[in-house]
There are 2 protein chains.
Amino acid sequence: MESVVRTRLIVLDQAQAPGVCQSCDARSISVCSAIDGKDLHRLASLATVQQVGAGKTFINEGDPADHFYNLTQGTVKLFKLLPDGRRQITGFSHRGDFLGLAVSHSYAFSAEAVDQVRVCRFSRSALRRVMDDFPALEKRLLDVASNELVAAQEQMLLLGRKTARERVASFLMAQEKRLSLCGHEMPDALELAMTRGDIADYLGLTIETISRTFTRLRNEGLIAILAADQVRILDHDGLAELADGFSE
Amino acid sequence: MESVVRTRLIVLDQAQAPGVCQSCDARSISVCSAIDGKDLHRLASLATVQQVGAGKTFINEGDPADHFYNLTQGTVKLFKLLPDGRRQITGFSHRGDFLGLAVSHSYAFSAEAVDQVRVCRFSRSALRRVMDDFPALEKRLLDVASNELVAAQEQMLLLGRKTARERVASFLMAQEKRLSLCGHEMPDALELAMTRGDIADYLGLTIETISRTFTRLRNEGLIAILAADQVRILDHDGLAELADGFSE
DNA sequence: CGGGTAGTTGATGGTCATCAAGGGGGGTGG
DNA sequence: CCACCCCCCTTGATGACCATCAACTACCCG
């Protein structure tokens, strides 16, 4: 329910040097991996690196969709608002993710930094020209969009048909899965970058229900709460069954 | 809550004749419009036309995603199921829509014909080769996916944060918008192809709540219900405000 | 120490689900 | 042609889950 603050952004680098993309540690896991070695300087010449502080909104729903973003560091929440302040977080983006896919002339969502964030910004028109020359990039974007679509459908099932317990269980399973996929070695506890409020607005619940549900899952021995933002999954299978809607 | 029935499909035409695509009245509004005149025979050679009867499921969640589909006639509901039968309809597809976007090896959703349906089926691998030769097709698909993503985000807001009244109002507004976009002249009432059960599973509610909410909107003078599947919007602005979450 | 933010827990209430009964239309078969 | 059935829809009664309101704790940072 926070107010949306228009943010002035820190522009770090109007990157003319090819190094900006070459040395990017997020490139291999992002759509930019579709462009290789010698063509990279073209991409770099279009990119603008920006830093966004925690809590700052850098995409506003309804604004002209002039830019694409590639997230190279930090976590971002994407959300939509109703006039009275009700908020639905449609997803969290992480290092390597691509933001701003929208056909229409304006953004369909807002984006706010959860922690310290670094993004690579491309002008829409410029990137469109690059895409014309590199079909591989377009193919990659189609894959990205398809994956997000699958995730969105899963989230619709969650929001429309799952109970509070099932939603929280699903959320925790998804957090763990994300770590196991792109993470290096498995930490012994999940680090939740987002607040209870964020989780609530993501799962279509309230802060209190999130809190109570965490407590209940802890009392049932399914999870351990080391700190508010540190959750360890104790009964992996039990939580998975709950998330998938098997338990009664 | 219906059970999923594996369906034998009627294969109409292993279309070798180029005419199948050339004469297709859905081509202009579908992704196939990205392919023009002389290349159309290649598309046609890959296509298989199928008829699907109302209520038949022709894509099953979890099955190997071997095919893409292009809907040339009728209405299809896409949905996901939980083990105990809870169902979430993630969307309805109409003439010209493209089905089966999925990166993974298996479908993330099921698809069932609402009424008599005709689809054009392409093998995944074959279409991938066509896409390599026609980047315009891929571009078109990216647009399709982006649009669906925007719709999915809107639906997440609806499912996570809107009241029953707001959901039904949103649904009606969306129905009308779809007609005004691709429809010819405006009929004086919306024709709902789907049942109350379908609407309920689409909006994350129950049949009874849908019915009650329709009745209430009628008593408030916002809509008129000519028949169960014939709804006329009386107070367009009022319904729009309700849908967008303005009313108290 | 004080203030602010985030989280937890309790009491109460509302919205919508569930359970139950009845009405209406379309199809089939006697 | 009518009876019957089945499905869809509607309406009412009750109840559960989660939201809301409220109080309290913990923690961070000044």
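Every chain is numbered from 1, with letters handed out A, B, ... down the list of sequences.
Atom-to-atom, CZ of Arg216(A) to P of dT9(C) comes out at 14 Å; the value is rounded to the nearest Å. Regarding Leu217(A), its CG atom lies at a distance of 15 Å from the C1' atom of dT8(C), rounded to whole Å. As rounded to whole Å, 10 Å separates atom P of dT8(C) from atom CG of Asp229(A). Note: CG (Leu159(B)) to C1' (dC16(C)) measures 15 Å, nearest angstrom. Between the CG atom of Asn219(A) and the P atom of dT8(C) there is a distance of 12 Å, given to the nearest Å.
Relative orientation of the Tyr107(B) and Tyr69(B) rings is tilted, given thresholds of 30° and 60° on the angle between their planes.
Taking the ring centre of Phe214(B) as origin, the terminal cationic atom of Arg196(B) falls inside the region bounded by 6.0 Å and 45° from the ring axis.
Atom OG1 of residue Thr57(A) and atom NZ of residue Lys77(A) lie 8.0 Å apart, to the nearest 0.5 angstrom.
A donor atom on one side chain and an acceptor atom on the other are found under 3.5 Å apart for Gln116(B) and Gln51(B).
In this structure a side-chain-to-backbone donor-acceptor pair under 3.5 Å is present from Arg161(A) to Arg87(B).
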B/S/- along nucleotides 10-19 of chain D (protein heavy atoms under 4.0 Å) is BBBB----SS
When the side chains of residues 203-212 of chain A are checked against the rest of the protein, which donor-acceptor pairs come out under 3.5 Å, sequence neighbours left out?
unit_1: Thr206(A); atom_1: OG1; unit_2: Thr209(A); atom_2: N; d: 3.3
unit_1: Thr206(A); atom_1: OG1; unit_2: Thr209(A); atom_2: OG1; d: 3.1

